[in-house]
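What follows is a set of notes on a single structure, which appears directly below.
One is the number of the first residue; the rest follow in order along the sequence.
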Amino acid sequence: MENQDFFLEIAKTKHPIDSTDREILPLPENSHVLRRSGTYFLKPKKEESFEEQKQRFARELEAMRKKYRPFLANYCKEISGEAQTEELKEFRFRYMEEDECFTDRNHPGKEWETVTVPDYRGPEGRWSGYYQTTFSCPGEWKTEVSGGKRVVLWFQSVDYIGEVYVNGNFVGSHEGFFAPFSFDVTRYLKEENELTILCKNDVSILGKGEFLDGDKIYAATGPGWDDPEIGWHHCPAGAGLLGKVRLELRPELFIEDIFVRPDLENGTAELRIGVYNYRNDVVQDFSMDITIVPENFEGTEIGEGTFPIKAVGPGKNEYRHFLKLSDYRLWEPETPWLYQAQVLLKKEDVVVSGRKQTCGMKRFASDETSTPKGKFFLNGKPAMLRGANEMGHLQQCVMKEDWDQLVDDILIAKMCHMNYYRMTQRPVQEEIYDYFDHLGMMHQCDLPLFSFLRRPQFSEAVRQVGEMEHLVRRHVSTAMVTFINEPMCIRRTSDPNSKFSRRYDAKGHRNLLRDELEAFFAAARKAVYVENPDRKAVIRPLRRAVARRKASRRHDNATYC
């Protein structure tokens, strides 16, 4: 079944709610009458040559650059207490041989390829490969480490499973290709250090052919890679160090996350502030200074406050504080005004850790009580989302650090009257969301699931939903998140000749059935709620009320989905 047309199968799939086929009749011919108030004549439009069209395009693009250039500005001053960073870019790579052990990674005679991170490559399917580099910490960090600070390895994203080793010591692993993660590696450091990332790929849950599938939570799009024999790949699931790799010198108490939740109706904002304690004991009696100031325009703060912190326990902590806002500007696609939340953690007026985060004053909502349901509202006004799928070109801009092209690509979309991008079937690098914030482009973020969810990956998928919302929640450009694209109808039936029986035999014994998939949707909504209660989660493309389906569901051997 290698040549199976998977998308044709989707198109032919019967809708899970309809029990009988029926003809869709056209509207009555005279149901809408157009009335003329006069006679109008349009002047024929002059045909433009290709060169004239290019010149007009260049003029319009330059006008857009001029219009939005002020919104890319940053008028904020640096704050104290931020982490010091050192980026690691040059690595060597080789594929792990099938019968090879990790202890053989440096066996002499093995051929390595020199690569620059980010690096994304094929083939699709199950394989493992080593990314390796050597590093030494900057000399000035030694005094700081002896004073209690920590050296942390930070990864923007590793596709798909990354096992991290420093000087042969396993320091941690992460599953999923889009979420940042980090490990404290202070105890493993020497003068010169070997960093090895064992990168593992898998067949995606979507599968390859009728029977071959895997556990990789991946849908059908990516940044792509250029295969020397086959050519450009976009949809197949490659792997690699897809994001940046950094060494960070962090204080023992480190502000790692800031999330601003504006409540425009009451003129307040809740700030959720994550503080990581790298010590093994509880530390007490701190204070937290919070200020929200304009970022891309000049002005005064719109909110500030100082709050006592009784205790910071080991590991992750989250503190929630409320500020009264005054005289703020709304974030809109045409005028994307931005603010910066600045947070300082202090011990007896000495700054221990500091962090800043771009934010905006916006409320995006979906009306779930209207008929029909689903009308969108931006800042209390009806909003029409006009956009298209992003298919890897913005991700390539970030990987190549071609920021001018990234800006132009977003502005060209706005020239086409788009105000919205669907980041198709995957969360992407945070730099894209940053530019969406600054250029007034709303977006939809998809969990990378297409059609199916493997039964043993239920809990892992819920965990990744939480990571996805945590990644995008702080970006004012985020309009909605989704959990799956084009869910397939899998059900059990007692008829061995039924196409549903064949589909169950091929996929149902490995993937969730429809009622189980809806249980995943319910769990995913809760995971989003914990990260961001303001998000209205949307599932594509469920167009009808679940209650109608439940009312007619049969609870015998033929479970309808």
Side-chain angles (χ1 to χ4, degrees), residues 4-17 124 159-160 176-179 202-208 213-224 233-238 366 374 385 387-395 420-428 432 442-455 457-458 460-462 464-469 471-472 478-490 503 507-508 510-514 516-525 527-528 535-544 546 561:
Q4 178 189 25
D5 190 335
F6 188 78
F7 297 99
L8 176 62
E9 290 298 315
I10 294 175
K12 290 164 59 179
T13 299
K14 188 176 180 181
H15 194 282
I17 299 172
E124 64 176 319
D159 189 348
Y160 171 66
F177 64 77
F178 60 83
D202 195 359
V203 179
S204 72
I205 287 175
L206 182 61
K208 187 177 181 181
D213 49 28
D215 285 340
K216 183 172 184 176
I217 296 179
Y218 174 92
T221 69
H233 276 51
H234 173 59
C235 282
S366 172
L385 299 181
N389 289 345
E390 192 276 341
M391 303 299 284
H393 60 291
L394 301 183
Q395 299 167 60
Y420 169 80
Y421 254 120
R422 178 191 173 202
M423 310 312 292
T424 312
Q425 301 172 39
R426 62 167 38 220
V428 294
I432 295 175
M442 292 182 285
H443 73 90
Q444 165 188 325
C445 183
D446 293 350
L447 184 73
L449 280 180
F450 196 113
S451 295
F452 310 113
L453 175 57
R454 285 264 284 126
R455 194 170 301 279
Q457 287 295 78
F458 179 96
E460 174 61 25
V462 174
Q464 291 193 26
V465 168
E467 284 189 324
M468 175 179 70
E469 181 59 43
L471 176 68
V472 301
T478 309
M480 67 180 80
V481 299
T482 63
F483 300 143
I484 196 169
N485 188 65
E486 300 186 21
M488 290 288 282
C489 178
I490 300 178
R503 182 171 294 142
K507 294 288 186 181
R510 295 173 65 81
N511 297 305
L512 300 182
L513 302 180
R514 184 50 183 258
E516 298 167 328
L517 193 59
E518 289 188 6
F520 164 70
F521 295 152
R525 286 192 185 98
V528 169
R535 182 77 65 222
K536 295 295 184 182
V538 180
I539 301 172
R540 302 182 67 254
L542 303 183
R543 301 182 181 92
R544 307 185 186 184
V546 173
C561 51

Any heavy-atom pair between the side chains of R510 and R455 that's under 4.5 Å? no
Would you give the length of the straight line joining atom CZ of F178 to atom CD of E467, rounded to the nearest 0.5 angstrom? 5.5 Å
Before giving the answer on salt bridge (Lys or Arg N to Asp or Glu O under 4.0 Å), spell out for D159 and K216 the whole-Å C-alpha distance, their side-chain angles and the decisive distance to 0.1 Å. CA-CA 10 Å; D159 189 348; K216 183 172 184 176; 2.9 Å; yes
So do N389 and T221 actually touch side chain to side chain, heavy atoms under 4.5 Å? no
Side-chain touch S204/P236, heavy atoms, less than 4.5 angstrom: no
Exactly one of H443, Q444, E469 should register a side-chain contact (heavy atoms from CB on, under 4.5 Å) with T478. Which one does? H443
Please work out whether the ring planes of F483 and F520 are parallel, tilted or perpendicular, with thresholds of 30° and 60°. perpendicular
Which distance, rounded to the nearest 0.5 Å, do you find between the CZ of R454 and the CD1 of I205? 7.0 Å
Residues Q395, M423; criterion side-chain contact (heavy atoms from CB on, under 4.5 Å); working and verdict: CA-CA 10 Å; Q395 299 167 60; M423 310 312 292; 5.6 Å; no
Do F452 and D213 touch side chain to side chain, with heavy atoms closer than 4.5 Å? no
Rounded to the nearest 0.5 Å, what separates atom CZ in F177 from atom CZ in R426? 4.0 Å
Which heavy atom of H393 sits nearest a heavy atom of Y421, and at what distance? NE2-OH, 3.5 Å
Rounded to the nearest 0.5 Å, what's the gap from CG on L449 to CD on E486? Could you check? 13.0 Å
Judged by atom type as modelled, is there a donor-acceptor pair below 3.5 Å linking the side chain of D202 to the main-chain atoms of D215? yes
Examine distances only and state if a side-chain atom of Q425 and a backbone atom of A220 form a donor-acceptor pair shorter than 3.5 Å. yes
Give me the atom names and distance for the closest heavy-atom approach of V465 to A527. CG1-CB, 4.1 Å
Any chance you could measure I217, atom CD1, to L453, atom CG, to the nearest 0.5 Å? 6.5 Å
Between P487 and L517, the two heavy atoms sitting closest are CB-CD2, 3.9 Å
Just by distance, do the side chain of H234 and the backbone of P223 share a donor-acceptor pair under 3.5 Å? no
